[in-house]
Amino acid sequence: MKIISYNVNGIRAAINKEFFAWLQATDADVVCLQEIKATPDQIVDIIILEQLGYKHYWFPAEKKGYSGTAIFSKIEPNHVEYGCGIEDYDREGRIIRADFEECSVISAYFPSGSSGDIRQVFKYKFLDEIADYISRLKVDFPKLVISGDYNICHKAIDIHNPKSNANSSGFLPEERAWMDSFVHLGFIDTFRHFNPDPHNYTWWSYRAGARNKNLGWRIDYHMVTLELEKNLKRAAILPEAKHSDHCPILLELSFY
């Protein structure tokens, strides 16, 4: 099973940058999108998605042009769950889950706290409540993949300038401690499972030519439960895809 996660920063803008051609070439089984900023009825060429063999499941935010998640899949899920049952997060379209025979896959868009204190408080509340939700969920769905934009760099290796960003939302001590505790719930950071090297990032500011200089942050993850460790085949970052200020990340699982 080949899984892609991608914060597209607006699916319509990404489509205008040849997203569908890239999707066809990538040939993933499951695609988890974040920050879709659209409803499916706003996608003029949605038929192309179906021609590529994808079933598509959308969980847009109530607020137009904001947030939202989606899952595209060539494998028909047994069930799709829209939301996590917590209204504050479901109205922003932050969690969607598809259950397959071999595993369950979540596309998750964690809140950003970079706009100020109110959203940072909201982010901390989300982190606390989503950890509780996931720890309960993995009892019923022990083979769980949580793919998406976590809006947190876990360790100093995951950010281009850890010293100057020590007080930046996304790299705060409390956020990094949450990532520690999340891993201790029984999750594997699949990219680091395969790759210990620095200078691997998934998001770059649009300012000051940050992407060309590779001054980035690694804030997008495929986290999997320990029960899937034996199925891990490959994890990679795909920085050559340029439809967004993020780049896609890849996970390959083998069940045979």
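From a predicted model like this one, the values you see are computed outputs, not experimental measurements.
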Review point. Do the side chain of Arg12 and the main chain of Ile15 share a donor and acceptor less than 3.5 angstrom apart?
Key: no
Practice item. Is it possible for you to say whether Phe255 and Phe194 belong to one hydrophobic cluster, with membership spreading through side-chain heavy-atom contacts below 4.5 Å? Key: yes
Review point. Among all residues two or more places apart in sequence or in another chain, which pass the side-chain hydrogen bond (donor to acceptor under 3.5 Å, both in side chains) test with Lys125?
Key: Asp88
Exercise for review: Taking all heavy atoms of Cys103 and all of Val145, pick out the closest pair and write down the distance.
Suggested key: SG-CG2, 4.3 Å
Check your understanding: Nearest 0.5 Å, what's the CD-CG distance between Glu18 and Leu23?
Key -> 12.5 Å
Point to revise | Worked verdict on Val121 versus Tyr124 for side chain to side chain contact (heavy atoms under 4.5 Å, CB included) | key: CA-CA 5 Å; Val121 169; Tyr124 284 140; 5.6 Å; no
Check your understanding: Is there a donor-acceptor contact under 3.5 Å linking the side chains of His222 and Thr190?
Key -> no
Review point. Between CD1 of Ile249 and OH of Tyr221, what distance do you get to the nearest 0.5 Å?
Key: 9.5 Å
Practice item. With Tyr89 as reference, evaluate Phe110, Tyr133, Tyr82, Phe122 under the ring pair (Phe, Tyr, Trp, His ring centres under 6.0 Å) test and give the passing residue. Key: Phe122
Review point. Within a strict 4.5 Å, meaning less than it, do heavy atoms of the His154 and Glu175 side chains meet?
Key: no
Review point. Quick one: side-chain hydrogen bond (donor to acceptor under 3.5 Å, both in side chains) partners of Asp132, sequence neighbours excluded?
Key: none
Between side-chain atoms of residues 1-9 and protein atoms elsewhere (two or more places apart, or another chain), which donor-acceptor pairs fall under 3.5 Å?
| from | atom 1 | to | atom 2 | distance (Å) |
| --- | --- | --- | --- | --- |
| Lys2 | NZ | Thr26 | O | 2.6 |
| Ser5 | OG | Gln34 | NE2 | 3.1 |
| Ser5 | OG | Gly148 | N | 3.3 |
| Tyr6 | OH | His243 | N | 3.1 |
| Tyr6 | OH | His243 | ND1 | 2.8 |
| Asn7 | OD1 | Asn9 | N | 2.9 |
| Asn7 | ND2 | Glu35 | OE1 | 3.0 |
| Asn7 | ND2 | Asp149 | OD2 | 2.9 |
| Asn7 | ND2 | His246 | NE2 | 3.4 |
| Asn9 | OD1 | Lys37 | NZ | 2.8 |
| Asn9 | ND2 | Asp245 | OD1 | 3.4 |

Exercise for review: Specify whether His160 and Tyr201 have parallel, tilted or perpendicular ring planes, treating 30° as the upper limit for parallel and 60° as the lower limit for perpendicular.
Suggested key: perpendicular
Exercise for review: Could you tell me which residues satisfy side-chain hydrogen bond (donor to acceptor under 3.5 Å, both in side chains) with Arg234, sequence neighbours excluded, listed by chain and number?
Suggested key: Glu252
**Study point:** Other ILVMFWY residues reachable from Ile118 by side-chain steps of under 4.5 Å
**Key:** none
Point to revise | Under 4.5 Å side-chain linkage, directly or through intermediates, the cluster mates of Ile157 | key: none
Exercise for review: With rounding to the nearest 0.5 Å, note down the distance linking CD1 in Ile71 to SG in Cys32.
Suggested key: 4.5 Å
Point to revise | Check: Asn214 side chain, His199 main-chain N or O, donor-acceptor pair, under 3.5 Å | key: yes
Practice item. Please step through side chain to side chain contact (heavy atoms under 4.5 Å, CB included) for the pair Phe126 and Arg94, ending with a clear verdict. Key: CA-CA 10 Å; Phe126 175 92; Arg94 294 202 172 268; 4.2 Å; yes
Revision key, fill the gap. Contacts of Lys74 meeting salt bridge (Lys or Arg N to Asp or Glu O under 4.0 Å) (sequence neighbours excluded), chain-then-number -> Asp27
Point to revise | Sequence-distant partners of Ile134, side-chain contact (heavy atoms from CB on, under 4.5 Å), two or more places apart | key: Ile130, Leu144, Ile146, Phe182, Phe187
Review point. By side-chain hydrogen bond (donor to acceptor under 3.5 Å, both in side chains), which residues pair with Ser112, not counting sequence neighbours?
Key: Ser114
Practice item. Considering non-hydrogen atoms only, spot the tightest contact between Tyr57 and Pro77 and give its length. Key: OH-CD, 3.2 Å
Review point. To the nearest 0.5 Å, what is the distance between OG (Ser107) and CD1 (Ile96)?
Key: 7.5 Å
Review point. So with a 6.0 Å cut-off around NZ of Lys155, is the heavy-atom count from everything else above 12?
Key: no
**Study point:** Pair Gln120, Ser169: side-chain N/O donor-acceptor within cut-off below 3.5 Å
**Key:** yes
**Study point:** Check against side chain to side chain contact (heavy atoms under 4.5 Å, CB included), Asn165 and Trp217
**Key:** CA-CA 10 Å; Asn165 283 299; Trp217 301 38; 3.6 Å; yes
Exercise for review: Indicate, with yes or no, if Leu232 and Leu238 share a hydrophobic cluster defined by side-chain heavy-atom contacts under 4.5 Å among Ile, Leu, Val, Met, Phe, Trp and Tyr.
Suggested key: no
Point to revise | Donor on one side chain, acceptor on other, Trp203 and Asn151, under 3.5 Å | key: no
Study note, to complete from the structure: Sorted by chain and number, sequence neighbours left out, side-chain contact (heavy atoms from CB on, under 4.5 Å) with Ser115 holds for Arg119
Check: residues 38-50 side-chain donor-acceptor pairs under 3.5 Å, at least two apart:
| from | atom 1 | to | atom 2 | distance (Å) |
| --- | --- | --- | --- | --- |
| Thr39 | OG1 | Asp41 | OD1 | 2.7 |
| Thr39 | OG1 | Gln42 | OE1 | 3.2 |
| Gln42 | OE1 | Thr39 | N | 2.8 |
| Glu50 | OE2 | His56 | NE2 | 2.8 |

Revision key, fill the gap. In this structure, CG of Leu253 is separated from CD of Glu229 (nearest 0.5 Å) by 12.0 Å
Point to revise | Between Ser254 and Asn231: side-chain donor-acceptor atoms closer than 3.5 Å | key: no
Exercise for review: Treat each ILVMFWY residue as a node, draw an edge where side-chain heavy atoms are under 4.5 Å apart, and state whether Leu127 and Ile219 are in one component.
Suggested key: no
Point to revise | Lys213 side, atom NZ; Arg211 side, atom CZ - distance, nearest 0.5 Å | key: 15.0 Å
Practice item. Give a yes or no on this: more than 12 heavy atoms of other residues, nucleotides or ligands lie within 6.0 Å of atom CD of Gln24. Key: no
Point to revise | Partners passing side-chain contact (heavy atoms from CB on, under 4.5 Å) against Asp90 (at least two apart in sequence or in another chain) | key: Phe59, Cys84
Point to revise | Sidechain-backbone polar pair: Ser67 side chain, Glu92 backbone, donor-acceptor under 3.5 Å | key: yes
Practice item. Write down the atom of Phe171, the atom of Ala156, and the distance for their closest heavy-atom approach. Key: CZ-CA, 3.8 Å
Point to revise | Residue Asn16 excluded, over 12 heavy atoms near CG under 6.0 Å | key: yes
Review point. So does Asp220 pair up with Arg218, basic N to acidic O under 4.0 Å?
Key: no
Exercise for review: Kindly determine whether Glu76 and Phe100 satisfy side chain to side chain contact (heavy atoms under 4.5 Å, CB included), including the steps that lead there.
Suggested key: CA-CA 8 Å; Glu76 187 155 6; Phe100 302 97; over 6 Å; no
Review point. If you draw a 6.0 Å radius around CG in Asp117, do more than 12 non-hydrogen atoms from other residues or ligands fall strictly inside?
Key: no
Check your understanding: Does atom CD of Glu240 have more than 12 heavy-atom neighbours from other groups under 6.0 Å away?
Key -> yes
Check your understanding: Using 4.0 Å as the upper bound for N to carboxylate O, is an ion pair formed by Glu227 and Lys138?
Key -> no
Review point. Hey, is the main chain of Ala131 close enough, under 3.5 Å, to the side chain of Arg136 for a donor-acceptor pair?
Key: no
Point to revise | Ile152 and Lys123, any side-chain heavy atoms less than 4.5 Å apart | key: yes
Practice item. Test the Lys63-Tyr66 pair against the cation-pi criterion, namely NZ or CZ under 6.0 angstrom from the six-membered ring centroid and within 45° of the ring axis. Key: yes
